[in-house]
Colleague: 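The structure that follows is given in the form of structure tokens.
Both ligands and their constituent atoms are indexed starting at 1 by order of listing. Position 1 is the first residue of the sequence; numbering continues from there. The analysis underlying the following values was restricted to heavy atoms, covering all of them including side chains, and did not include hydrogens, waters or symmetry mates.
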Amino acid sequence: MFDINALVRKNIRSLVPYSSARDEYKGGEAIFLDANENPFNAPLNRYPDPRQVTLKEKISAIKKVPPAGIFLGNGSDEAIDLLIRAFCEPGTDNIISIKPTYGMYRVCADINQVECREALLTQEFQLDIPALLNLADERSKLLFLCSPNNPTSNCLNREDLLLLMKSFPGLVILDEAYIDFSASDSLITQLQNFSNLVILQTFSKAWGMAGIRLGMAFASPEIITILNHIKYPYNVNILTQRTALEHLRDTTVKDSWIRMILEQREWLRTALMNFTFVRDILPSDANFLMVKFDHSGEVLAFLTARKIIVRDKSKVPLCEGCLRITIGSPEENKLLIGTLQEYSRQRSSVINKF
Ligand SMILES: *Cc1c(COP(=O)(O)O)cnc(C)c1O
């Protein structure tokens, strides 16, 4: 049986967490003279609910995870940082991840002076299980995986993920930031089977709220309690909690955005494949396309000069020559294709001169 207490850092295990005024009085309506707040300028004068009870109840109903199994943070990035700080002893412990993947796992590890060991994905952008397990030793506390993966845009094989949950001795953190755009199901249902599993999701992508900074971690109540003990007491502000609640009332709006983005993803793929200078487009389960160009630097410069900004991933291992293009609105996508047609005409006129 997996023992969370053996994994967590000693100082965190014995920590007496900060107790805020709002933690100590939970009786609802009252005259609040306990937190040195300003009595004027309601409702912004009050500290937010440090446990985000109402918001968690709403998320719980949607995600079918009990509130005690939910952590909310200032973006998923907060959860990534807290996991490393809770479980990895600086200068001693290490985390395992894949290459290429989301950059924040390594950056958070670096900031905390925790070694980050990365196993290159296979040519099919799948997990190299022996290579991953080879990197692990008794000081490997966390395994960070991302599916659909950023920047490769594909889902990792479900059987591989389940195998790692079974065999990795530390926590397996599965970042599902793009899961709403995927044909594959979330592994959130596996929380019942694996007490070492942490699922990360976010309001930044499908929910269209990157600006309010709200990320979710789903895990066993034991793991969530540890994260709650070390987070800033008021890590999710009033405006964020309120805005998220408003948008959670009607999920059909989000669903219609997802449908539109998926339609546009296929439209964009077809349109891009018509260009002779587009060599390949990786299969995508996300809201972006990894497009391999004949001369990616040239295309990038041409687009940038016309104020169309895409992400250069041409130097990323396994992604040589690729630009990462987010699926925009139908108008934005048409503009992108129109601009690439212009690039195509200029190219062929240059070639014809010789
Ligand atoms: C965009 C993204 C996130 C979202 O991070 P937030 O801090 O919640 O905005 C998380 N993981 C991956 C892989 C991403 O690409």
Colleague: Just to confirm my output: which protein heavy-atom neighbour is closest to atom 9 (O) of ligand 1, and how far is it?
Modeller: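 Checked against all protein heavy atoms, atom 9 (O) of ligand 1 sits closest to S204 OG, 2.6 Å.
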Colleague: Taking the six-membered ring for Trp and the full ring for Phe, Tyr or His, determine whether the centres of Y178 and F288 are under 6.0 Å apart.
Modeller: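 Yes.
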Colleague: Could you check atom 5 (O) of ligand 1 against the protein and tell me its nearest heavy-atom contact, residue, atom and distance included?
Modeller: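 The closest one turns out to be S76 OG, 3.5 Å.
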Colleague: Could you tell me, atom by atom, which parts of ligand 1 come under 4.0 Å of a heavy atom of D77?
Modeller: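 Selected atoms, number and element: 5 (O), 7 (O).
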Colleague: Please work out whether any backbone atom (N, CA, C, O) or any side-chain heavy atom from C-beta onward of C146 is under 4.0 Å from ligand 1, and answer side chain, backbone, both or neither.
Modeller: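 Looking at C146 and ligand 1, just side chain atoms fall under 4.0 Å.
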Colleague: Tell me, please, whether F302 has R306 positioned over its six-membered ring: NZ or CZ under 6.0 Å from the ring centre and within 45 degrees of its axis?
Modeller: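 Yes, R306 lies over the aromatic ring of F302.
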Colleague: To which protein heavy atom is atom 7 (O) of ligand 1 closest, and what is the distance rounded to 0.1 Å?
Modeller: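 Closest protein heavy atom to atom 7 (O) of ligand 1: R213 NH2, 2.7 Å.
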Colleague: Within the supplied structure, the quantity of interest is the number of heavy atoms (other residues, nucleotides, ligands) at a distance under 6.0 Å from K307 NZ; does it exceed 12?
Modeller: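 For K307, atom NZ is not crowded (no more than 12 foreign heavy atoms under 6.0 Å).
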Colleague: What part of K205, side chain, backbone, both or neither, has a heavy atom within less than 4.0 angstrom of ligand 1?
Modeller: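 Contact part for K205 vs ligand 1: side chain (C-beta onward).
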Colleague: Which atoms from ligand 1 have a heavy atom of A177 less than 4.0 Å away?
Modeller: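 The atoms of ligand 1 under 4.0 Å from a heavy atom of A177 are 2 (C), 3 (C), 10 (C), 11 (N), 12 (C), 14 (C).
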Colleague: Does some non-hydrogen atom of A210 fall short of 4.0 Å from ligand 1?
Modeller: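 It does not, in that no heavy atom of A210 comes within the 4.0 Å cut-off of ligand 1.
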Colleague: Just say parallel, tilted or perpendicular for the rings of Y343 and F277, cut-offs at 30° and 60°.
Modeller: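 Y343 vs F277 ring planes: perpendicular.
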Colleague: List ligand 1 atoms under 4.0 Å from G75, heavy atoms only on the residue side.
Modeller: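 Taking each heavy atom of G75 in turn, ligand 1 has 6 (P), 7 (O), 8 (O) under 4.0 Å.
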Colleague: Is the shortest heavy-atom distance from the side chain of C108 to the side chain of I84 under 4.5 Å?
Modeller: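 Yes, their side chains come closer than 4.5 Å.
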Colleague: Between E37 and N45, does any side-chain donor sit less than 3.5 Å from a side-chain acceptor?
Modeller: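 Short answer, no.
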Colleague: So, using ring-ring contact (aromatic ring centres under 6.0 Å, His included) as the criterion, who are the partners of Y47 when residues are at least two apart?
Modeller: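 Once residues adjacent in sequence are excluded, the partners of Y47 under the ring-ring contact (aromatic ring centres under 6.0 Å, His included) criterion are Y234.
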Colleague: Answer yes if the side chains of D180 and N287 hold a donor-acceptor pair under 3.5 Å, and no otherwise.
Modeller: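 N287 and D180 do not have a side-chain donor-acceptor pair below 3.5 Å.
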Colleague: Give the residue, atom name and distance (to 0.1 Å) of the protein heavy atom nearest atom 15 (O) of ligand 1.
Modeller: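 For atom 15 (O) of ligand 1, the nearest protein heavy atom is Y178 OH, 2.6 Å.
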Colleague: Does ligand 1 have an atom that lies less than 4.0 angstrom from a heavy atom of F203?
Modeller: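 No, F203 has no heavy atoms under 4.0 Å from ligand 1.
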Colleague: Do L174 and L161 have side chains that get closer than 4.5 Å, going by heavy atoms?
Modeller: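 In contact.
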Colleague: Between N287, N149, I80, D175, flag the one that comes closest to atom 11 (N) of ligand 1 by a heavy atom.
Modeller: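 Among N287, N149, I80, D175, the closest heavy atom to atom 11 (N) of ligand 1 belongs to D175.
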Colleague: Please confirm whether E78 approaches ligand 1 to less than 4.0 Å, judged on its heavy atoms.
Modeller: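 No, that is not the case, since the closest heavy atom of the residue is not under 4.0 Å from the ligand.
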